[in-house]
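Throughout, protein chains are lettered first and strands after them, A, B, ... in sequence-line order, and every chain is numbered starting at 1.
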There are 2 protein chains.
Amino acid sequence: MTEFKENINYFLVEIFNNILAFEQRCLNRFGGNFTINDVHIIEQIGLDGKRKMTDIAEAMGVRLASMTSAADRLERKGCIVRERSAVDRRIVLMSLTQYGRVTFKLHKRFHDRMANKVIEAFTDEELRVLSPALASLNEFFKKADPSMISV
Amino acid sequence: MTEFKENINYFLVEIFNNILAFEQRCLNRFGGNFTINDVHIIEQIGLDGKRKMTDIAEAMGVRLASMTSAADRLERKGCIVRERSAVDRRIVLMSLTQYGRVTFKLHKRFHDRMANKVIEAFTDEELRVLSPALASLNEFFKKADPSMISV
DNA sequence: ATGGTATAATTAGAATATCTAACTATTTAA
DNA sequence: TTAAATAGTTAGATATTCTAATTATACCAT
């Protein structure tokens with residue numbers, strides 16, 4: 001059992017960092033001048049329609065002011081546009097430019113192929129367990145509250 | 001099979017962010033004025049002895065200049081000290097202060113308890129598969145090269 | 001209609017974090 | 001002894017985040 005604990009711990013530290021490092025390597029290779037964060041925002045905006053600044057900020061788990069800052073940079077890079085909603089002029093809507101859409105599609109394709117590579121590394125048996133396990137793990141961390149961990 | 005792919009993809013995006021968010025929440029709660037990055041560096045230095053700046057930078061996957069910057073901040077916070085090696089005076093060694101050691105132990109304990117909580121969420125059967133699977137996943141990303149993913 | 005309150009986004013300022021390039025000091029090799 | 005290599009720091013620029021304050025808009029109460 002101790003071995004499991006150590007692997008989980010390992011996961012929380014090492015895999016985390018390795019994924020980050022790998023993603024960065026890929027971006028350096030294929031990403032033009034986008035940062036990981038840029039790409040995640042582009043992914044959140046999506047291809048269809050316009051998203052509220054507030055919603056994207058929430059989805060990314062950052063404050064609205066941080067999203068403004070990021071949107072400034074993405075706008076400067078030419079891949080998003082911002083406009084006021086006609087319905088409620090307080091609301092700013094973000095959408096992708098043509099350049100942004102190309103970028104979205106490129107990265108989506110890249111992610112898909114990377115997921116394929118990962119899947120190839122496991123047997124069907126393993127995947128059958130790993131897949132729901134990852135879903136559970138995600139749910140755990142999404143809901144996890146610091147007070148759960150008594151110190 | 002498509003379901004598996006979707007979960008893996010989900011893992012690569014969502015869990016990553018959720019773990020980060022959770023870790024940040026815990027740090028806000030228990031961490032004093034340390035950032036996640038601070039904690040990771042403290043963990044890399046460890047309790048026993050002194051580590052080369054270069055080695056820690058490598059382990060963290062950042063450039064040496066970035067580590068200098070981080071070390072400056074950590075030194076200012078009073079949890080590390082830097083000194084020149086007597087063997088080779090080009091080399092700077094980092095070690096934890098008493099305050100740094102207390103912080104190390106606190107976070108180590110926290111991580112252990114968090115791992116326990118994660119383990120509680122799974123059956124023995126799942127853990128038996130999940131543990132080596134996570135190890136494989138880690139190995140994959142550690143070695144993964146962008147050229148593996150044809151676009 | 002007017003004034004007060006709430007909401008959404010931006011701005012300003014500060015801190016963290018990363019990188020490249022240049023510099024300083026030390027060690028190693030020729 | 002000189003030149004090259006190595007380790008760390010500095011300088012400058014960019015990315016990223018947050019808080020607090022500000023601006024503009026919408027909503028509510030009178």
Q: Taking N or O atoms only and anything under 3.5 Å, show me the protein contacts with nucleotides 3-5 of chain C, one pair per line.
A:
none

Q: For A:V81, enumerate each residue passing the side chain to side chain contact (heavy atoms under 4.5 Å, CB included) test, keeping only those at least two apart in sequence or located in another chain.
A: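 Here the qualifying residues are A:S95, A:T97.
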Q: Mind checking what makes side chain to side chain contact (heavy atoms under 4.5 Å, CB included) contact with A:N116, not counting sequence neighbours?
A: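 Result, side chain to side chain contact (heavy atoms under 4.5 Å, CB included) vs A:N116: B:K5.
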Q: Can you list, pair by pair, the side-chain donor-acceptor contacts under 3.5 Å of residues 59-68 of chain A, counting residues two or more places apart and other chains?
A:
from, atom 1, to, atom 2, distance (Å)
A:T68, OG1, A:L64, O, 3.3

Q: Any pair with a residue in residues 41-100 of chain B that passes ring pair (Phe, Tyr, Trp, His ring centres under 6.0 Å), sequence neighbours left out, goes on the list, sorted by first then second residue, please.
A: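 Listed by first then second residue: B:F34-B:Y99.
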Q: Mind checking who shares a hydrophobic cluster with A:L93, ILVMFWY linked at side-chain heavy-atom distances under 4.5 Å?
A: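 Under the 4.5 Å side-chain rule, A:L93 groups with A:I91.
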Q: Expressed in angstrom and rounded to an integer, what is the separation of B:I36 atom CD1 from D:dC18 atom C1'?
A: 14 Å
Q: Using whole Å, what does the distance between atom P of nucleotide C:dA15 and atom CG of B:N33 come to?
A: 13 Å
Q: Mind checking whether B:H111 and B:K108 have side chains closer than 4.5 Å, heavy atoms only?
A: no
Q: Decide side chain to side chain contact (heavy atoms under 4.5 Å, CB included) for A:R128 and A:F122; before the verdict, give the C-alpha distance in whole Å, the side-chain angles of both, and the deciding distance to 0.1 Å.
A: CA-CA 10 Å; A:R128 214 176 326 268; A:F122 293 97; over 6 Å; no
Q: Mark yes when over 12 heavy atoms from residues, nucleotides or ligands other than A:K77 sit less than 6.0 Å from its NZ; otherwise mark no.
A: yes
Q: Rounded to the Å, how far apart are B:F34 CZ and C:dA15 P?
A: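 Nearest whole value for this atom pair: 17 Å.
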Q: Check side chain to side chain contact (heavy atoms under 4.5 Å, CB included) between B:E58 and all other residues, then give those that pass, not counting sequence neighbours.
A: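 Partners of B:E58 by the side chain to side chain contact (heavy atoms under 4.5 Å, CB included) criterion, ordered by chain and then number, come out as B:T54.
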Q: Does OP1 or OP2 of D:dT14 have a side-chain N or O of A:T35 closer than 4.0 Å?
A: no
Q: Could you state the CD1-P distance from A:I42 to D:dA15, rounded to the nearest angstrom?
A: 13 Å
Q: Between A:R84 and A:N37, who's closer to the 5' end of DNA chain D by nearest nucleotide?
A: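 Residue closer to the 5' terminus by nearest nucleotide: A:N37.
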Q: Near DNA chain D, under 4.0 Å by heavy atom, which residues of residues 69-79 of chain B?
A: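 Listed by number, there are none.
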Q: I'd like to check the side chain to side chain contact (heavy atoms under 4.5 Å, CB included) partners of A:R89; sequence neighbours left out, ordered by chain and number.
A: A:R84
Q: For A:R82, enumerate each residue passing the side chain to side chain donor-acceptor pair (under 3.5 Å) test, keeping only those at least two apart in sequence or located in another chain.
A: A:D72, A:E75
Q: Where along residues 85-93 of chain B does a heavy atom fall under 4.0 Å from DNA chain C?
A: B:D88, B:R89, B:R90
Q: Please list, by residue number, the residues of residues 55-68 of chain A whose heavy atoms come closer than 4.0 Å to an atom of DNA chain D; answer none if no residue qualifies.
A: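 Residues of residues 55-68 of chain A that come under 4.0 Å of DNA chain D are, in numerical order, A:V62, A:R63, A:A65, A:S66.
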Q: Are the side chain of A:D112 and the backbone N or O of A:R109 linked by a donor-acceptor pair below 3.5 Å?
A: no
Q: Is a side-chain donor or acceptor of A:S131 paired with a backbone partner of A:L127 at a separation under 3.5 angstrom?
A: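 Checked: no pair found.
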